[in-house]
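This report concerns only the one structure given below.
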Number of protein chains: 2
Amino acid sequence: MVRLKDVAYQAGYDISTVSKVLQGGNIHVSAEARERITKAAAELGYRPNLMARGLRTRKAGAVVLGFPCLDHPMYPAITEGAEQAATELGLALFAYKFPPEGAANALLDLVRQGRADGIILASEVPDCDFVKLATESRVPVITLNEYSTDPTLSVVLDDAAGFALQATYLAGLGHTRIAYVGVHPESTGSRSCEESFKESLRKQGVLIDPSYIFGGSFGGDNASEVVDQILKLEQRPTAIATASLTMGTRIIRELSTRGVDVPNQINVIGYHDSKQAEWTTPSVTTVRMPSVVQGRCAVERLFAVLNSQKSLAAEVISEPIEVIERESCCLLSEMNLPHLPND
Amino acid sequence: MVRLKDVAYQAGYDISTVSKVLQGGNIHVSAEARERITKAAAELGYRPNLMARGLRTRKAGAVVLGFPCLDHPMYPAITEGAEQAATELGLALFAYKFPPEGAANALLDLVRQGRADGIILASEVPDCDFVKLATESRVPVITLNEYSTDPTLSVVLDDAAGFALQATYLAGLGHTRIAYVGVHPESTGSRSCEESFKESLRKQGVLIDPSYIFGGSFGGDNASEVVDQILKLEQRPTAIATASLTMGTRIIRELSTRGVDVPNQINVIGYHDSKQAEWTTPSVTTVRMPSVVQGRCAVERLFAVLNSQKSLAAEVISEPIEVIERESCCLLSEMNLPHLPND
DNA sequence: TTGAAAGCGCTAACAC
DNA sequence: GTGTTAGCGCTTTCAA
C-alpha cells in the first residue's frame with residue numbers, strides 16, 4: 001500500500017503538504033511542489049485510504065441505494081440516473097438489496113457504522129417505520145415515494161400526471177369502458193393515482209364504475225384472479241389500465257391464456273417502461289415515467305442534505321412523461337369487438 | 001455517535017476490555033464484565049465505527065459484486081445466493097454497477113482505497129484485462145466465468161452439462177433439425193458450450209449443420225437478423241436452442257411478428273431462468289442453471305481467499321440443472337408442420 | 001509556502 | 001481478568 005508518507009518521501013515534501021496538494025483545492029502551494037508531488041503520486045500509484053480519510057473527516061464519501069428486490073424493471077432506470085449524479089459529485093454509489101425482515105436496521109447500520117453517509121430508499125411499499133427510525137438515528141434518507149414527513153426529503157414522480165396521461169390516452173383511443181388495476185390499495189399514494197386517473201377520465205366525459213377498479217401489486221402476482229374477475233364483468237371493459245408494467249404484461253398473458261386477444265378484444269396499458277415491454281407479443285404500450293431523472297435528483301438532493309444546503313424546495317419530477325405506443329393498445333374503432341358497448 | 005469510550009465509561013471498564021467483549025471471542029473476561037458491558041452497549045445503542053476498525057485491522061469487512069448491467073435476468077439469482085453467504089459470514093455485500101468504460105479501475109479502486117476487501121466479477125463478457133490488473137494490484141477477485149488464469153479463483157457453472165441437457169431435451173422431443181444461437185462467438189467459453197451442445201446431439205444420432213449455427217449476445221439484440229436468416233434456410237429447423245433467456249424470448253417475439261407460431265411451427269428453448277419466462281405468450285421453456293448456488297459459492301470462496309485458506313480446489317457448480325418445461329417447446333409429433341422434415 | 005503535531009475510533013500486544 | 005499504550009493513514013490547525 002502506498003501511503004501519503006511514501007509520496008511525501010519521494011517528492012521531498014511533508015506529508016501535510018502532499019495531503020493538501022492531492023486534495024486539489026486552491027491551497028497556497030508553489031507550482032514546483034504541486035508538480036513534484038503530483039508526479040510522485042502518479043509514479044507510485046497512490047490511492048488515498050478512504051478509511052483513514054473517513055475516520056478523520058467523518059464522511060464516507062459513499063451513498064447507498066436501497067432496494068427491496070433487483071428485478072423490478074423500474075430499478076435499472078433509477079440506478080442509471082443515480083449513478084450519473086454520483087459520478088459527477090464524486091460519491092461512490094452502492095446498490096444494496098436489503099432483506100425483507102430487518103430491512104431497516106441493515107440499511108441504517110450502513111450509515112451508523114460509517115460505511116455510507118446517507119441512503120436513498122427505493123422501496124415500492126410504504127415504510128414509515130424506516131423513515132421514523134432513520135430520523136431518530138439522524139441518518140439522512142431520501143425516499144423515492146412520499147413516505148417522508150418532510151416533503152423536501154423525497155424525490156417523487158408526478159404520478160398524478162402519469163395516470164392522467166394514461167387515462168387521456170385511453171379516452172383518446174375512444175375507450176369508454178375502462179378497468180383500472182392499481183397497486184397497494186391501502187396506500188394514500190396509490191389512492192391518489194387512482195383518483196387522478198378517474199378524474200382525468202371524468203373530464204373527458206368518461207365515468208368509471210367502481211366495479212371496474214381492482215387492486216394489485218407491482219409484481220402482478222394476482223393477475224390471474226384480476227383477469228378472471230374482469231372477464232366475469234357483465235359489460236366487459238374494452239381497455240385495462242394498470243399501475244405497473246409487470247402487471248400489464250402478466251394481465252396480457254392471462255388474457256391470452258383464456259383466448260382473449262390483445263389488443264383486438266381488449267386493450268392493456270402498463271405504467272413505467274422497460275426494454276422488456278418490447279419483447280412480448282403483443283408488445284406493451286405503457287406510460288414511461290422519468291425514473292432516470294428521479295434517480296439523478298435523489299442523489300443530488302441527498303448530497304445537498306449531507307452538505308446542509310437544505311435550501312432545496314420539495315421536488316416532483318414531471319418531465320418527460322410520455323406514452324410509448326406499442327401493440328397492446330389501438331383505436332377502439334379498429335378493435336374486433338363482438339358488439340360495440342351500448343352507450 | 002457512541003464510541004467504545006462511552007460504553008467503557010458507562011460500564012465502568014477500560015475501553016480495551018469493552019473492545020474484547022464486543023468482538024465476542026472467547027476472551028478471558030469475567031462474566032460480570034461481559035454482562036455489564038453488553039448491557040451498556042445495548043443501552044447506548046453502540047455501533048462500531050467500521051472506518052476506525054478497518055483502518056486498524058486493514059479489513060473493510062465488505063465485498064463487492066460487480067455487474068455490467070442490472071437488467072440481465074441472471075443477476076438477481078446470483079445476488080440472492082451471494083447475499084445469503086455474505087450474511088452468514090458477516091460480510092457486507094455491495095452491488096456495484098460499473099461503467100462500461102474504465103470499468104477496471106472503478107471497481108479495483110473500491111478495494112485499493114479500502115472500501116472493500118475483494119471483488120466478485122459477474123461480467124458476462126470475458127475481461128482478461130481486469131483479471132490481469134487485479135492480479136498486479138493484488139486485489140482478490142473471484143470471477144463467475146473462466147477468465148481467470150487460476151481456476152481456483154473462478155466459480156463457474158457447468159455449462160457443458162447445461163447445454164448437453166438442452167440438446168438432450170430437444171432430441172428427446174423428437175427434433176432432428178435444430179438451430180443453435182450462441183453468445184459471444186469469439187470467447188472460448190461460448191465455443192465449448194456450442195461444442196457440448198453439438199456433441200450431445202451427436203451422441204443421440206443428430207447431426208447439426210454448420211449453417212444452423214448462429215452468433216448472438218446475452219441481450220439478444222440481433223434476434224431480428226437471426227430470425228431472418230433462420231427463416232431463409234432451405235430446410236427450416238423445427239427447434240431453436242438459444243444460449244440466453246432474453247435471446248430466446250426475443251426470438252419468439254420476432255417469429256410471432258413474422259407469423260411463425262411457437263411452438264406449433266417451431267420450438268424455442270432458452271438458457272438460464274427467470275420469473276419473466278412465465279409472463280410471455282408462449283411462456284419460455286428454458287434450462288435453469290444454479291445461479292443462486294453460484295453466487296453463494298463465489299462469496300464463500302472469496303472469503304476463503306481473504307483469509308488465506310487457499311486450500312479450496314477449483315469448483316464447477318453443476319447442481320441443480322434442470323429443464324423448466326413451459327409452452328415454447330413440445331413434442332415434434334404434436335407440432336403443426338407443413339410437411340415433416342425428410343429424414 | 002511549508003512543516004509539526006494532534007487526534008479521528010478502534011485493536012492488539014503487552015504489562016500488571 | 002483488566003488496563004496501558006502504540007499506532008493504523010489521514011486531515012487540519014497552527015506555528016514557523
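Chain letters run A, B, ... following the sequence lines, proteins first, then strands; residues in each count from 1.
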Might you work through the salt bridge (charged side-chain N to carboxylate O under 4.0 Å, His left out) test for A:Glu35 and A:Lys39, ending with a clear yes or no? CA-CA 6 Å; A:Glu35 192 188 334; A:Lys39 184 158 159 279; over 6 Å; no
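- Remark: the B:Gln23 side chain and the B:Ser19 side chain contain an N/O donor-acceptor pair separated by less than 3.5 Å.
- The side chain of B:Tyr46 contributes an N or O atom lying less than 4.0 Å from OP1 or OP2 of C:dC10.
- Atom CG in A:Leu50 sits about 17 Å away from atom C1' in C:dG9, given to the nearest Å.
- To the nearest angstrom, C1' of C:dG9 lies 13 Å from CD of A:Gln113.
- At the heavy-atom level, A:Thr57 lies under 4.0 Å from the strands shown only through sugar-phosphate atoms.
- B:Met51 comes within 4.0 angstrom of nothing in the nucleic acid, heavy atoms only.
- The distance from atom CG of B:Asp6 to atom P of C:dG9 is 9 Å, rounded to the nearest whole Å.
- For B:Tyr75, the ring pair (Phe, Tyr, Trp, His ring centres under 6.0 Å) criterion is met by B:Phe67, B:His72, not counting sequence neighbours.
- The side-chain contact (heavy atoms from CB on, under 4.5 Å) test with B:Ile142 singles out one residue from B:Val305, B:Ile119, B:Leu121, and that residue is B:Val305.
- Using a 4.0 Å cut-off, some side-chain N or O of A:Arg58 falls inside it from OP1 or OP2 of C:dG9.
- Contact between the side-chain N/O atoms of B:Gln23 and the OP1/OP2 oxygens of C:dA12 is found at a separation under 4.0 Å.
- Put simply, CD1 on B:Ile37 is 15 Å from C1' on C:dT11, counting in whole angstrom units.
- Heavy-atom minimum distance, A:His272 versus A:Ser291: CD2-OG, 3.8 Å.
- Residue A:Lys20 places its side chain closer to C:dG3 than to any other of C:dG3, C:dT1, C:dT11.
- Taking atom CG of B:Asp14 as the reference point, atom P of C:dC10 lies 13 Å away to the nearest angstrom.
- Atoms NZ (B:Lys59) and P (C:dT11) sit 14 Å apart, rounded to a whole Å.
- Under the 4.0 Å criterion applied to side-chain N and carboxylate O atoms, A:Glu300 and A:Arg296 are assigned as salt-bridge partners.
- For the pair B:Arg3 CZ and C:dC8 P, the interatomic distance rounds to 7 Å; values are reported in whole Å.
- First and last contacts of DNA chain D with chain B, using any nucleotide atom under 4.0 Å from a protein heavy atom and ordered 5' to 3', fall at D:dG1 to D:dG9.
- Within the structure, a side-chain polar atom (N or O) of A:Ser30 is placed less than 4.0 Å from OP1 or OP2 of C:dT2.
- For the pair B:Lys5 NZ and C:dC8 P, the interatomic distance rounds to 7 Å; values are reported in whole Å.
- For A:Asn145 and A:Thr143, the side-chain atoms include no donor-acceptor pair closer than 3.5 Å.
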